[in-house]
Amino acid sequence: MSDVIDRPLRDDERPAASRLRIVDCDVHPSLHSHDDLNEFLPKRWQQHLKEYGSHLRTPYLFTTPYPRSSPLIARRDAWPPTGGPPGSDLAFMQKQHLDPLDVEFGILQVLDLFIFSQQNLEFGAAIQRAINDWQLAFWSHRDPRLKASILVGQDGVDLAIAEIERCAKTGEYIQINVSPRANEPLGRRRYWPIYERAQALDLPLGIHVGGYGGHAPTGGGWPSYYVEEHQSNAHTIAAQLASLVIEGVPERFPKLKIVFIEGGFGWIPSAVWRMDQHFERFRSEVPHLKRKPSEYVREHFWFTTQPIDEPDEARHLRALIEWVGIDRLLFSSDYPHWDFDDPRFAFKTPLTEAERKKIFSTNARAVYKF
Amino acid sequence: MARHIVASTSEIPPGGNKVVDVAGRDIVVFHVNGEFFALLNRCPHEGAPLEKAACVARLTSPEPGVYERSRVGEMLRCPWHGWEFDMRNGQSWFDPKRFKIRSYPVAVERGEELQKGPYVAETFPVHVEDSYVIVEV
Amino acid sequence: MAVTRIDCDIHPAVGGTRTTLLPYLSDHWKEQVVSRAIDGVDLTSYPPSMPLTGRADWRPANGTKPGSDLAMVQKGAFDQLGASHAILNVLYGAQAVFDSYMAADFCKAINDWIAAEWLSRDPRLRASIVVPMQAPDLAIEEIERRAGDSRFVSILVLAQGETLLGRRHFWPVYQLAEKYELPLAIHAGTQYRQAPSSAGWPSHRYEYYFVEAQAFQAQILSLIYEGVFGKYPNLKVVLMESGVSWLPAFMWRANKTWRGVRVEVPWVEREPAAIIRDNFRVTMQPFDAPGDARSVEEIIDQIGSEKMFLFASDYPHWQFDGDDPIPPHLPKSIIEKMCVDNPLETFPRLSLN
Ligand code: FES
């Protein structure tokens, strides 16, 4: 890391003066409380939520299986002065994040209520509907910079399709989100109807880390510590990339765009090399693939940048960016979570103005058509 | 280097801190275990405001499952990515030479002494009976 | 004599429990495997006819499993690929057996068979001890049994077992490994106890093979964060058939996460990358790199250690074509080290005489 900040801020780094005009592909809004959803959730499911709550494949009712490193995985400075959890107060989010960092568009990623992982699929679908409505009413309509995604649980494919159709009619959502941790890998054919709809509606598929699919976080079993589990997020994303590519999803849906969110990007080159390296050996198993995996990755997939990797040598980060390809990268901050990346300081290697523009804005604008 | 009067000692309760602007710098003054420490209010990593850091113990361990705590409250855990720093000298726990927060010398002095000057405290009323935190920048 | 070149990963094949291993089983298990037809415990990871499992020119003409014929292995690994010595790693299902007593007897039989029918017939061969990690106390018994035989140079476990390898119940195994200077060799392969990745069960072998690299990464984190190297600082861990090019980004991420979350594991006082460079080694097939010299050089530079690399062909697995197991474009200094110095340092029991 070359840029150790122990100097006063330069003028162009001062919040008010920074004119970055960024697209932030990962901003987390949060419910104040479950009551926020009442106006969007039928009585029957409000009652279910009160009586039974979430049913997830995880041991605890009220917290995550691996205790995080900060309360609600949030930056300690992100608790709104008005009360409520980090990310629950639009005015504070504007003041702390959107305005000073000049966020031109922020893409909302809702993780409340483990929305993708509910075992009761009807309950899950009701919550997804409510949260999809809440995103517009509480966020997008109040601040048009904030863009909503259609959240669906892919394990109830029919319910997911119905929700996609319902939301798409409004013309207000910019992508379809599914979970990287569900019953089966994303490439499996049971999920293809969702990709068919995404392609037909010309909406990118967004996949944000997290969720409880019931599988151990690593292929070697359950780790003991958050410090291990946190790193497994990138593994999940890499495994899903391989599943989608090797099952031939881009081959079958040639216009589909897929965005991986919060998986970082350090792992991408070696993952793609490994797939290519063994392609010839396994070709007879996957004759539906017409091209090398790397070619599908370079055309169909985008990756958000956070959490950014921090090699000791700046030139190594540079080599990494070149391997991945500058066109694949979309800036994301993960505000207000603890592993937030600040757009001014996160990239510890020099970028040209043109490169900055791509990563911080134009790549995302092209994918999402802003 | 000039000496700046930044607070009266009673203003910063034990375990608390105060952010002050000294010569155009955002400086945070902590009060812990009867001492005051002054550091630049920005993490050297990505710039998080250290006034929001958790003040924790220095944690070491001779072997798995054994947790040894010392200097309780004197380590800062950055409010963003959790890097730990020593309040006394700003050094990071994981690489003290390479990563540190700029720290500034601090003194506590009685008001009667201070009235003799010279100090940069034009806007700060100094009372003979109080004591004050002085930061050298 | 030809140049010294130690191949750290080749695979002899077990025909079956009722054939190859039968003479080496205890009387009880002899009767059991015959009367109950307990056989065919070949690992799902490596179907014998899958192209990766055996390169076409290394498959016996009679259709038996690649790696099952000593003369063929000698011809391939030594004459054709130019090794002067080679370490045998048996990938058979003993490690995946649920009954730990059956597992222990199968492991013992495999090790006896290797000693009698391979090591004793060719002084250039060495072997890893196959152990039943299902029951660490039984694994220890097996290690003690082999410790006096210096032809056994490491302890073989699978990348995907019942629990991650750093967990406390495995520590007595590592204590012994350190004592007898036996590195822990983690080889690709799975007991199929859980999905190969958190994404779930994939459709294809190709995907499975792909995600196995991640299991190695999880094992590294587990061994480091559980504190194994604080307890046993001289323990070496060899990653076999893990792929190599993922190391740099993996180490960056490990360092970054540790910096922020190390309070969970305060006994880990050094950066994970530094521990990886000191205590981990990696075999060089497959390498999983792009075809250009610049990228290969960059990867090596990013890994930042010349000590970590071990020459290996992965014979008879099909990782490359032709006669040269060394991945293209490796710097010369690395090649020299990985063929002799590094293996000798990693496997101290491996004397060349
Ligand atoms: S900003 Fe302080 S640790 Fe990253």
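Model, not experiment: these values are computed from the prediction. All heavy atoms count here, side chains included; hydrogens, waters and symmetry mates do not. Below, chains carry the letters A, B, ... as their sequence lines are ordered, and counting in each starts from 1.
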- Task: Show your reasoning for whether side-chain hydrogen bond (donor to acceptor under 3.5 Å, both in side chains) applies to C:Thr163 and A:Trp222.
- Result: CA-CA 7 Å; C:Thr163 60; A:Trp222 297 87; over 6 Å; no

- Message: Assess the residue pair A:Asp309 and C:Arg253 against the criterion (salt bridge (charged side-chain N to carboxylate O under 4.0 Å, His left out)); give the C-alpha distance rounded to whole Å, side-chain angles, the decisive distance to 0.1 Å, and a yes or no.
- Response: CA-CA 6 Å; A:Asp309 278 299; C:Arg253 181 60 73 88; 3.4 Å; yes

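The pair C:Asp301-A:Arg315 counts as a salt bridge, with a side-chain nitrogen and a carboxylate oxygen less than 4.0 angstrom apart.
Within residues 212-221 of chain A, the residues having any heavy atom less than 4.5 Å from a heavy atom of chain C are, in residue-number order, A:His215, A:Ala216, A:Pro217, A:Thr218, A:Gly219, A:Gly220, A:Gly221.
Contact of C:Ala273 with chain A is not made at all, since no heavy-atom distance falls under 4.5 Å. In this structure, no portion of C:Met251 lies under 4.5 Å from any heavy atom of chain A. For A:Ser284, the part lying under 4.5 angstrom from a heavy atom of chain C is the side chain only. Interface residue A:Pro180: only backbone heavy atoms are found under 4.5 Å from chain C. For A:Pro269, no part sits under 4.5 Å from any heavy atom of chain C, backbone or side chain. Interface residue A:Ile308: backbone and side-chain heavy atoms are both found under 4.5 Å from chain C. Using a 4.5 Å cut-off between heavy atoms, C:Gln219 touches chain A through its side chain atoms alone. For A:Val227, the parts lying near chain C are the backbone and the side chain together; criterion is any non-hydrogen pair under 4.5 Å. For C:Ser295, the parts sitting under 4.5 Å from any heavy atom of chain A are the backbone and the side chain alike. Residue contact with chain A, scored on non-hydrogen atoms closer than 4.5 Å, involves the backbone of C:Ala289 exclusively.
For A:Arg274 and C:Phe287, the positive end is not near the middle of the six-membered ring at less than 6.0 Å and at most 45° from its axis.
Taking the six-membered ring where the residue is Trp, C:Trp252 and A:His316 present parallel rings, their angle staying beneath 30° rather than reaching 60°. A tilted orientation is assigned to the rings of C:Tyr209 and A:Phe282, their planes being inclined by 30° to 60°.
Partner of C:Ser203 under the side-chain hydrogen bond (donor to acceptor under 3.5 Å, both in side chains) criterion, out of A:Glu285, A:Arg189, A:Arg188: A:Arg188 alone.
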